[in-house]
Amino acid sequence: MRLTNGFDASASALTAQRLRMDVISSNIANAETTRAQFVNGRYEPYKRKLVVLEPTSQSFADVLRGKLDGSGSSPGVKASRIIEDQSPSKLVYNPSHPDADENGYVNMPNVDVLKEMVDMISASRSYEANVTALNATKGMFMKALEIGK
């Protein structure tokens, strides 16, 4: 086990949570975007994006091999991909909207601002927890250096 594993884990989590907050803010910014893509002669609304996180160590065998030969990957998390939420878009009756169909309905994005705010609070709390863990690791290193004086 390397001494910097705690720093590596916290750094990877901070990077992943920052990406998550970036995607959430993009979702909120596009909550009213009705012309995100032009497909088959029609505009389609913005689709909500989600970040998929996964551990950096994939299997028990990888972790065990890394521990035995000392070359294992650092613990932590990584953002494996960004996917689109496949939930249906909302139909809103607004006949004065420029993208309204012949019945007066507008196809709005599948972004729920309230859900995005809950996800943002979760990402923010996780970010803060990892900063606290990083500071605790730093404090332990500083105390270890004081022992050597």
Side-chain angles (χ1 to χ4, degrees), residues 1-69 71-141:
M1 180 174 173
R2 294 183 343 207
L3 291 175
T4 59
N5 276 354
F7 287 123
D8 293 342
S10 294
S12 69
L14 290 173
T15 303
Q17 295 303 325
R18 188 185 58 119
L19 175 66
R20 197 170 151 216
M21 284 195 272
D22 288 345
V23 168
I24 291 169
S25 61
S26 172
N27 288 340
I28 292 172
N30 288 298
E32 302 289 327
T33 302
T34 57
R35 295 182 181 188
Q37 292 179 338
F38 191 71
V39 178
N40 297 332
R42 293 188 61 198
Y43 284 107
E44 292 196 356
Y46 177 81
K47 292 198 182 246
R48 179 178 183 231
K49 308 272 189 295
L50 299 168
V51 176
V52 178
L53 302 177
E54 66 182 29
T56 53
S57 300
Q58 290 299 316
S59 67
F60 177 76
D62 292 341
V63 173
L64 181 62
R65 187 177 325 110
K67 295 296 179 190
L68 291 176
D69 64 9
S71 65
S73 62
S74 62
V77 66
K78 67 178 179 181
S80 62
R81 61 188 186 278
I82 297 174
I83 60 171
E84 285 187 351
D85 185 0
Q86 296 302 319
S87 62
S89 57
K90 298 178 284 187
L91 279 179
V92 175
Y93 183 72
N94 187 0
S96 63
H97 195 281
D99 293 329
D101 63 6
E102 59 276 355
N103 297 324
Y105 287 97
V106 180
N107 213 3
M108 298 297 287
N110 58 355
V111 176
D112 182 5
V113 176
L114 187 60
K115 190 185 299 182
E116 298 300 323
M117 292 304 293
V118 169
D119 285 349
M120 183 173 280
I121 290 170
S122 171
S124 175
R125 297 284 186 211
S126 180
Y127 192 90
E128 289 172 5
N130 281 292
V131 168
T132 302
L134 187 70
N135 285 334
T137 305
K138 185 175 74 176
M140 288 191 300
F141 271 102

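Owing to the predicted nature of the structure, the values given are computational and were not obtained by experimental measurement. Basis for what follows: all heavy atoms, side chains included, without hydrogens, waters or symmetry-related copies.
- The shortest non-hydrogen separation linking A123 to M21 is CB-CG, 3.7 Å.
- Closest non-hydrogen pair, Q17 versus R20, comes out as OE1-NH1, 3.0 Å.
- Looking at N27 and Y46, their side chains come closer than 4.5 Å, going by heavy atoms from C-beta outward.
- Using a 4.5 Å heavy-atom threshold, the side chains of L14 and V131 count as touching.
- When all heavy atoms of A16 and V77 are compared, the closest pair comes out as CB-CG1, 3.9 Å.
- Side-chain atoms of I28 and M117, non-hydrogen and from C-beta on, do get closer than 4.5 Å to each other.
- Closest approach of N107 and P45 over heavy atoms only: O-CB, 3.5 Å.
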Practice item. Could you check H97 against D99 for side chain to side chain contact (heavy atoms under 4.5 Å, CB included), going step by step and ending with a plain yes or no? Key: CA-CA 5 Å; H97 195 281; D99 293 329; 3.5 Å; yes

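- A distance-only check finds no donor-acceptor pair linking the side chain of S126 to the backbone of S122 [under 3.5 Å].
- Between K90 and P109, the shortest heavy-atom distance links the atoms CE-O, 3.2 Å.
- Within 6.0 Å of atom CD in E32, 12 or fewer heavy atoms from other residues, nucleotides or ligands are found, so the atom counts as exposed in its surroundings.
- Counting all heavy atoms, side chain and backbone alike, V113 lies closest to A31 at CG2-CB, 3.9 Å.
- Side-chain contact between V23 and L50 is absent, with no heavy atoms from C-beta onward closer than 4.5 Å.
- Judged by distance alone, with hydrogens and angles left aside, the side-chain atoms of S25 form a donor-acceptor pair with the main-chain N or O of D22 at under 3.5 Å.
- Looking at V106 and T34, their side chains come closer than 4.5 Å, going by heavy atoms from C-beta outward.
- Between D85 and K47, none of the side-chain N atoms (NZ, or NE/NH1/NH2) sits under 4.0 Å from a carboxylate O, so this pair counts as no salt bridge.
- Between the OG atom of S10 and the OH atom of Y127 there is a distance of 11.0 Å, given to the nearest 0.5 Å.
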Practice item. Run the numbers on I82 and V52 for side chain to side chain contact (heavy atoms under 4.5 Å, CB included), then give the verdict. Key: CA-CA 6 Å; I82 297 174; V52 178; over 6 Å; no

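- Ring geometry for Y93 against Y105 counts as perpendicular: the plane angle is over 60°, on a 0 to 90° scale with 30° as the lower cut.
- A search for side chain to side chain donor-acceptor pair (under 3.5 Å) contacts involving T132 returns nothing, not counting sequence neighbours.
- R48 and E116 are joined by a salt bridge, as a carboxylate oxygen and a charged side-chain nitrogen come within less than 4.0 angstrom of each other.
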Practice item. For T33 and V111, run side chain to side chain contact (heavy atoms under 4.5 Å, CB included): C-alpha distance rounded to whole Å, both residues' side-chain angles, the deciding distance at 0.1 Å, then the answer. Key: CA-CA 10 Å; T33 302; V111 176; over 6 Å; no

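- In R35, the CZ atom is crowded: over 12 heavy atoms of neighbouring residues, nucleotides or ligands sit closer than 6.0 Å.
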